[in-house]
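Taking it in order: structure first as structure tokens, then the write-up.
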There are 2 protein chains.
Amino acid sequence: MNDSPRASAALGAGSPGATQSDLARELGVSRTLVSLALRDQPGVSADMRARILATAQRRGYRRNGLAADLATRRRTAVGLHLLDARNDIYSTVLRGVQEVVTDAQQRLVLAVDTAPGHPDPRAVDALVEANVGVIISTALTGSKDDAVALNARSPLVALFRHIAGVDSVYPDDAAGTRLALEHLLGLGHRRIAHLTGPAVTGYTTRRDTYVSVMTERGLTPEVIVSDGYSREVAAAAAADLMARPAALRPTAVMTHNDELAFAVREAAFAHGLAVPRDLSVVGYDNSRTAGLTGVELTTVDVDAPAMSHAAARAALRRVAFPAAPCVDQRFEPSLRLRSSTAAPV
Amino acid sequence: MNDSPRASAALGAGSPGATQSDLARELGVSRTLVSLALRDQPGVSADMRARILATAQRRGYRRNGLAADLATRRRTAVGLHLLDARNDIYSTVLRGVQEVVTDAQQRLVLAVDTAPGHPDPRAVDALVEANVGVIISTALTGSKDDAVALNARSPLVALFRHIAGVDSVYPDDAAGTRLALEHLLGLGHRRIAHLTGPAVTGYTTRRDTYVSVMTERGLTPEVIVSDGYSREVAAAAAADLMARPAALRPTAVMTHNDELAFAVREAAFAHGLAVPRDLSVVGYDNSRTAGLTGVELTTVDVDAPAMSHAAARAALRRVAFPAAPCVDQRFEPSLRLRSSTAAPV
DNA sequence: CTGAAAGCGCTTACAG
DNA sequence: CTGAAAGCGCTTACAG
């Protein structure tokens, strides 16, 4: 019952929140002194500092980080703007960002856009109202001008997208797409479709590159658009594709992300098609699920953990040095070969 | 270039942040009036209100929610304390909570405990310093006393765990475990092992029930402990189990969550065992991954989306009515039969 | 080394 | 309907 320091401290602390004023009053010193001591700033005698710290400890003092930010006129919290947390890749992002931000003892405020393709200004607004000093966004689906304008008001880190004039951490999507496509072409596929999300600005490199590569090779590109980026939403578009007669069906599908690839797989199975025998599927992201036995999705690995760490560090840097030059960090993707692809029969 | 209202608004807004004082000065009125008008409070003439709103709009005024909270001495933000965001189930929780919190126009502050089993007080402290009004925690791995003490300082909503005296939203784990076990027993399994996470207080109902049920039936329970709850960390324990000679190996494994079940599957495959022919596996959570073709994990469905919504509503209620009676919401799990279980050979 | 004053952006009584 | 004053919990010059 008494073996847990946290429990006893909490119990001893009594009701909510002693403030610096409370401590100052109890010790008969000024609030300034308390503030200085608590932050380990110079200008306090060792003796006084020790007394203040001890009292703070005993009273269970907890600093109000928000009030401190307000007084400082600094905004130190990091905002994270996610597209749809159900995608595996965003869990990875969340974890990566959280690790770095927590290490730096900073706050992480979250906003999730639930309607991808129709970016919700409320999500970003909420972050701005929460007074964050920087926003890491994986959901910059607007124009570059929009992003640059937003960046001018509230610093931005674009994750997974490159925007000149804004801190950007992103994969080389042209290279990644080529990798995937060349793999399929090398296998002998010619009817290769591309399943992508809603036609939002930004994040179009994968699609554009797909079209270019196909055209270069004298092949006909076919872009299928899903209403969203989650496997649930994409189910309809995938089902339509699989319902075609064999002659009109692609022999391979490359998707904008792994979630869409899962939708294609499920649709294929539902139509009695085997993967990769009747259909090759290659995803994009190398999410954790892609590697499970029984799934084994060939996919483009963008090293999401590394990119998330980089984005978080860029965010922290931006908060610390508002005038620092823009970060422009491009990651080279690699192809992760698994068993969802094979030569067409 | 000019078709986006957001872009033009942002561009027109100029540099960071007009405050209420700025608006008041520009209009030659008091700050009180501006504050009232902006919050749509009574006591402002329609005319004045319109002028204030228009100016706010034009200047790109953005309310500082933190300063408002400070002035009000109210804490309205919701803190979410997660165990390890990589588990599918936590993505679902995050999404569910976010939906409800966003609808209520509230802030969501996040903390993730990366070292489950060794709960990190920093994570909760960070939330408290962020001045949240309530913390939804899926990671209450301490004693009930600890939780009750914490609750006294900063309101808590226990998600996935029942703690008397604290708002709790949780599955009936005894029933869920029985469902899973009876399914395996009905299939004819007798050597059934249970894979669980680190021996932390809390979240022990599944394990305890497993032991009870096995004992009731005159069978020998065998609890295997993994160092953590993620598939990566559990790989070692799962590999040990699968490396046993067939006679000592269980014919079925029931796990504390789906992540651990995935670890068991992979270990089984790595040892040349087929699921369910050589080994039946039943998970717990019905995460999204469990339903993928090729995975098809039999698992206990706890309806995580519904529980997350309930937890978020409980949190909002607690912020609005600090003295409200405790929520105690128990969900009945159901068994989701898929193809990872079969009769032993 | 210590303290009194002013202010961050907001809201809440209290007067007029 | 409108405004002057005080305060939320903190920090930052500025004096002594």
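Letters A, B, ... are given to chains in the order of the sequence lines, protein chains preceding strands, and every chain is numbered from 1. Because the structure is a prediction, the values reported are computed rather than measured.
- Side-chain contact, A:D328 with A:S168: no donor N or O sits under 3.5 Å from an acceptor N or O.
- Residues A:T138 and A:Y90 share a closest heavy-atom pair of OG1-CE2, 3.5 Å.
- For the residue pair B:S35 and B:R39, a side-chain donor N or O sits within less than 3.5 Å of a side-chain acceptor on the partner.
- Look at A:D167 and A:R318 and you find a salt bridge, because one of the NZ, NE, NH1 or NH2 atoms lies within 4.0 Å of a carboxylate O, short of that distance.
- Under 4.0 Å is where a charged nitrogen must lie from a carboxylate oxygen, and between A:R51 and A:E26 no such pair does.
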Within the sub-3.5 Å range, which N or O atoms of nucleotides 10-12 of chain D have a protein N or O partner, and how far apart are they?
from: D:dC10; atom 1: OP1; to: A:Y61; atom 2: OH; distance (Å): 2.6
from: D:dC10; atom 1: OP1; to: A:N64; atom 2: N; distance (Å): 3.1
from: D:dC10; atom 1: OP2; to: A:Q20; atom 2: N; distance (Å): 2.7
from: D:dC10; atom 1: N4; to: A:R31; atom 2: NH1; distance (Å): 2.5
from: D:dT11; atom 1: OP1; to: A:R39; atom 2: NE; distance (Å): 3.4
from: D:dT11; atom 1: OP1; to: A:R63; atom 2: NH2; distance (Å): 3.3
from: D:dT11; atom 1: OP2; to: A:Q20; atom 2: NE2; distance (Å): 2.9
from: D:dT11; atom 1: OP2; to: A:S35; atom 2: OG; distance (Å): 2.6
from: D:dT12; atom 1: OP2; to: A:R39; atom 2: NH1; distance (Å): 3.1
from: D:dT12; atom 1: O4; to: A:T32; atom 2: OG1; distance (Å): 3.4

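- Taking for each of B:R73 and B:R49 the nucleotide of DNA chain D with the nearest heavy atom, the 5'-most of the two is the partner of B:R49.
- If you take CZ of B:R51 and P of D:dC1, they are 15 Å apart, rounded to a whole angstrom.
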### Query
What would the secondary structure line of DNA chain C be in dot-bracket form, counting Watson-Crick and G-U wobble pairs under 3.5 Å, with [ ] for pairs that cross earlier ones and | for pairs with another strand?
|||.||||||||.|||

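- The list of ring-ring contact (aromatic ring centres under 6.0 Å, His included) pairs with a residue in residues 137-169 of chain A, not counting sequence neighbours, reads A:H162-A:Y170.
- Distance CE (A:M48) to C1' (C:dG3): 12 Å, rounded to an integer number of Å.
- Contact check, A:S30 against C:dG3: a side-chain N or O comes under 4.0 Å of OP1 or OP2.
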